[in-house]
Each structure stands twice: as structure tokens, then as C-alpha cells.
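Throughout, protein chains are lettered first and strands after them, A, B, ... in sequence-line order, and every chain is numbered starting at 1.
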Number of protein chains: 2
Amino acid sequence: MVQEVFDAYSFVFEEELLEEISEVGTLKEFKENERIIEIGDHVTAMPLLLSGAIKILREDQDGDELLLYFLERGDTCAMTLSCCLGHTKSEIRAMAETPTKLIMIPIEKMEEWTSKYKSWRNFVFESYHSRLSEMLDTIDTIAFLNMDERLLKYLRDKAKINQNDLVQVTHQQIAYEMHTSRVVISRLLKKLELKGTIALNRNSIQVIDL
Amino acid sequence: MVQEVFDAYSFVFEEELLEEISEVGTLKEFKENERIIEIGDHVTAMPLLLSGAIKILREDQDGDELLLYFLERGDTCAMTLSCCLGHTKSEIRAMAETPTKLIMIPIEKMEEWTSKYKSWRNFVFESYHSRLSEMLDTIDTIAFLNMDERLLKYLRDKAKINQNDLVQVTHQQIAYEMHTSRVVISRLLKKLELKGTIALNRNSIQVIDL
DNA sequence: AAAGCTGTGTAACCAATGTTACTGTATAAG
DNA sequence: CTTATACAGTAACATTGGTTACACAGCTTT
């Protein structure tokens with residue numbers, strides 16, 4: 001366990017903090033598409049991502065979803081962080097996009113480390129910075145782009161996070177995450193295929209033109 | 001100056017920090033609709049809001065705007081904060097919504113205070129938390145609401161921040177900030193007026209049904 | 001092989017939003 | 001007072017995206 005923490009965070013944290021993390025953190029593993037945090041959950045620990053990728057989703061009253069962004073190795077969820085500090089409930093849903101390992105830090109340590117370790121403070125600030133940037137990007141996407149452009153961005157992001165040009169996803173799944181309908185997605189995907197940007201298969205899409 | 005800082009932040013910061021703020025901070029005043037920060041500006045100081053209100057806007061490549069959220073007394077701009085720490089350029093535009101007083105803190109002090117004052121750390125974390133919440137709210141609004149609902153929310157928020165049910169704004173101005181066209185806004189406003197939710201005048205709108 | 005389920009393709013239609021064009025009216029400038 | 005300008009109302013139309021309905025193809029189960 002110590003080794004995995006070291007691999008993912010050695011460039012960020014000092015030796016002593018890495019040790020502490022290994023001591024008090026609990027390792028957790030999630031399978032693809034397994035739920036990690038649900039909206040309304042009480043947050044009692046903060047996750048540090050060791051490997052894999054997590055997708056962060058927002059949901060409205062009617063149960064309509066929207067994909068916000070992905071987290072990767074070395075990231076933490078600033079939302080959760082935020083909830084920890086404010087002792088509030090989770091505002092988002094987190095699901096494993098790929099098989100994921102993470103280490104959970106009890107919230108009691110947060111405050112302590114924040115005053116004790118400069119590297120921890122910087123990490124927390126940096127996380128907030130990244131998350132704000134991601135949120136801005138998400139806002140740009142839904143405010144300024146049309147569906148076809150959003151779809152292309154979705155596919156590119158998905159291909160990137162999975163490190164694979166063959167995106168394993170159904171049209172229905174895309175529709176959920178982009179908060180639109182399956183028919184709309186099928187229609188636009190077909191157009192993209194005709195343009196030669198992608199190739200369509202059952203249950204997967206080959207992204208050609210990156 | 002010391003008094004104004006004290007008024008707005010005495011419940012947040014300890015005496016010693018309030019003193020330091022008064023010493024190193026520079027007081028700045030902005031008139032209504034005056035530009036405070038522009039996209040791409042290099043950020044060299046962090047603002048603490050003493051009085052008034054600021055609106056934060058995002059812009060795309062084509063110059064299309066979108067209102068993100070408002071800041072009030074006691075707030076700071078977590079975006080700017082984020083830029084300070086990351087030494088990056090501003091991602092947003094800030095404009096005075098009402099006559100505004102703020103005190104600018106040189107970024108050099110940021111790091112120092114972060115380790116020195118617990119209250120400062122908490123303030124910074126709290127600011128990030130608020131901003132993330134506002135951003136989520138913004139995303140909910142543009143992703144899940146129709147134009148008519150968004151418009152109503154816009155008017156309510158505007159009335160609230162100006163502490164006045166008579167919102168001084170033109171249809172064109174609303175269209176800019178909501179990233180749509182003037183005709184669409186005029187159309188929807190007329191519908192709302194017929195329903196008795198608002199009353200329309202030249203250059204202003206009376207919000208009736210809060 | 002037959003039945004059943006899930007995923008995809010597509011047409012036809014509808015609703016929401018965006019665009020163009022023109023009107024009138026209040027206010028400001030000359 | 002006259003002219004110019006900014007603001008607002010509205011019709012007609014275009015486009016985008018959402019809905020309904022149905023056909024069919026590829027697996028899986030029996």
C-alpha cells in the first residue's frame with residue numbers, strides 16, 4: 001500500500017506525510033461502473049486516487065443526469081473535500097469509470113495536516129484550482145456548444161480517460177450523461193460517422209479523427 | 001479603512017489579521033458597471049469585498065457572454081484566489097454590479113497568512129466551497145432549466161443582489177448575460193408580464209411575484 | 001431454431017429557441 | 001422643435017433538439 005501511495009503522490013508530498021497517509025488511510029477498490037459516492041451521502045473521508053478514473057455526475061430533481069468531469073490518478077475530489085470541511089452532504093455522484101483504487105483519509109486528519117504540512121495545503125489549493133477550471137470548462141461546453149460539438153468533446157474526453165480510441169458505451173448511456181435523448185445521440189453519431197470522424201459498432205464507438 | 005475592514009470581516013478574522021489587512025491592503029472603489037478584472041489579466045492582488053456587489057462573467061471565443069454568479073460583502077473571488085496561487089491569468093471578467101468598495105491584498109501575503117492564520121485558511125477554504133456551490137448552481141440552471149425558468153431566476157437573483165424589486169436593466173443586457181437574443185428575452189418577459197409575475201417599464205422591470 | 005431482450009436506424013412530427021425584419025415610442029442630442 | 005438613437009413589441013420564419021413510433025439486427029436464453 002505504501003508503495004502505491006508513493007507512486008502516485010511522491011512528487012507532491014514529503015516523505016513524512018506519505019508515511020502518515022499510508023498509516024491512517026484505508027485502501028478501497030471499485031469495479032468499473034461501481035458507485036463510489038451518492039448525492040446526499042454523508043461524507044466522512046476524503047479520497048485520494050491511486051489508479052483508475054472516476055466520473056463525477058450531477059443530477060436534478062427529476063433524476064436527469066449530467067456528466068461534470070473525470071478524475072484521474074493523483075487527483076482528489078474537491079467537491080468531497082469541500083463537503084468534508086463544511087460537514088455537508090455530497091452534492092454529486094461519483095462512479096468508477098475504470099477499475100479504480102483509492103485511499104480514504106479520515107476527515108479528522110484534514111485540519112491537522114492543513115496546518116502541519118505545506119505540501120498538503122498546496123495540494124488542497126491545487127485541487128480546488130483544478131476543479132474550478134473543470135467546472136468552467138463544463139459550463140463553456142453546455143453554454144456555448146451545440147449538441148454535435150458537445151458529443152465530439154464527450155467522445156474525445158472519454159477516449160482520453162480510457163486511453164483507448166475504442167469507446168465502450170451505448171447511445172443510451174451517452175444520452176444519459178449528456179442529458180439528452182437516445183434518438184438525438186444516434187442521429188448525431190450517424191452524421192459524425194458519415195463525415196468519417198468516428199466508426200460505429202454495437203456497444204462501442206471508434207474515435208478516428210482526434 | 002480599518003473600520004470598514006472590521007465591519008465586514010470581524011466575525012471571520014482574528015484581531016491581528018484584521019490589522020495586517022488594514023496595513024498591507026489597498027482600498028479601491030468602483031462605480032456601477034465599471035470593469036474590475038478582464039479575462040486574460042495578470043492577477044497580482046486578491047480582492048476582499050467590503051461593500052457593494054460584483055458580477056462574474058464568462059466569455060467564449062466569439063465574445064458571447066454568460067453571467068456566472070454574484071459576489072457580496074464578505075466574499076472574495078475564489079477564481080482570482082485560484083489564479084493568484086497558480087500564477088495564472090484571469091479566466092473570468094468581473095464587473096461592479098453596484099458601487100463597490102474592496103480591499104486588495106498583495107499575493108505575497110497569501111502564502112504567509114495561509115500558514116500563519118487558521119482563520120485565513122478557513123476563509124480561503126470556505127470561499128472555494130462557496131464558489132464551487134455557485135458553479136454547480138450555475139450548471140444546474142443552464143443544463144436543466146428552460147429559458148423562461150432561467151429568466152425568472154435571473155430576475156430574482158438580480159433583485160436580491162440589488163436589494164430592490166425594481167431591476168434596472170434592458171432586455172438587451174439580459175440577453176447578453178444569459179447568452180441568448182434580445183427578441184427571445186422580450187418575448188418571454190411579455191409572457192411573464194401577462195401572468196402577473198412582473199411589470200415592464202422602459203429600462204427596468206418590477207419583480208412582483210417573489 | 002424460436003423467443004425475447006437490448007441496441008441501433010430512421011421517419012415524422014412537435015416544441016423551444018434563434019433570426020430577420022419591421023414597427024413604434026421614449027429619451028437624448030442638436 | 002427636430003432629429004437621432006436606444007429600447008421595446010411582434011410577426012414570420014429557420015434551426016435545433018426532443019418525442020413518438022416502428023423496423024430490424026445482434027445476442028442470449030430456452
Please report, rounded to the nearest Å, how far the [atom2] atom of [N] is from the [atom1] atom of [X].
{"X": "A/Arg202", "N": "D/dC24", "atom1": "CZ", "atom2": "P", "result": "16 Å"}
{"X": "A/Arg187", "N": "D/dG17", "atom1": "CZ", "atom2": "P", "result": "9 Å"}
{"X": "A/Leu189", "N": "C/dT8", "atom1": "CG", "atom2": "P", "result": "9 Å"}
{"X": "B/Ile185", "N": "C/dG18", "atom1": "CD1", "atom2": "C1'", "result": "12 Å"}
{"X": "B/Gln172", "N": "C/dG18", "atom1": "CD", "atom2": "C1'", "result": "13 Å"}
{"X": "B/Lys190", "N": "D/dG9", "atom1": "NZ", "atom2": "P", "result": "4 Å"}
{"X": "B/Leu194", "N": "D/dG9", "atom1": "CG", "atom2": "C1'", "result": "12 Å"}
{"X": "A/Met147", "N": "D/dT16", "atom1": "CE", "atom2": "P", "result": "13 Å"}

Point to revise | Residue-phosphate contact under 4.0 Å: A/His179 side-chain N/O, D/dG18 OP1/OP2 | key: no

Point to revise | From CA spacing to verdict: salt bridge (charged side-chain N to carboxylate O under 4.0 Å, His left out), A/Arg58, B/Asp140 | key: CA-CA 8 Å; A/Arg58 179 75 169 158; B/Asp140 286 351; 2.6 Å; yes

Between the side chains of [X] and [Y], is a donor N or O closer than 3.5 angstrom to an acceptor N or O?
{"X": "A/Ser186", "Y": "A/Arg182", "value": "yes"}
{"X": "B/Asn201", "Y": "B/Ser204", "value": "yes"}
{"X": "A/Asn162", "Y": "A/Glu97", "value": "yes"}

Check your understanding: So, for B/Phe125 and A/Phe125, is the gap between ring centers shorter than 6.0 Å?
Key ->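 Judged by ring-centre distance (under 6.0 Å), B/Phe125 and A/Phe125 do meet the cut-off.
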
Point to revise | Residue closer to the 5' end of DNA chain C, A/Thr170 versus B/Thr180 (nearest nucleotide) | key: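 Residue closer to the 5' terminus by nearest nucleotide: A/Thr170.
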
Check your understanding: Using a cut-off of 4.0 Å on non-hydrogen atoms, how would the nucleic acid contact of B/Asn201 be classed: base, sugar-phosphate, or nothing?
Key -> sugar-phosphate

Review point. Contact class for A/Ser181 (heavy atom, under 4.0 Å): base, sugar-phosphate, or nothing?
Key: base

Check your understanding: Donor-acceptor pair under 3.5 Å: do we get one between A/Arg182's side chain and the base of D/dG18?
Key ->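 Side chain to base: no pair below 3.5 Å.
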
Exercise for review: Measure from the side chain of A/Val183, starting at C-beta and using heavy atoms only, and say which of C/dT17, D/dG9, D/dA21 lies closest.
Suggested key: D/dA21

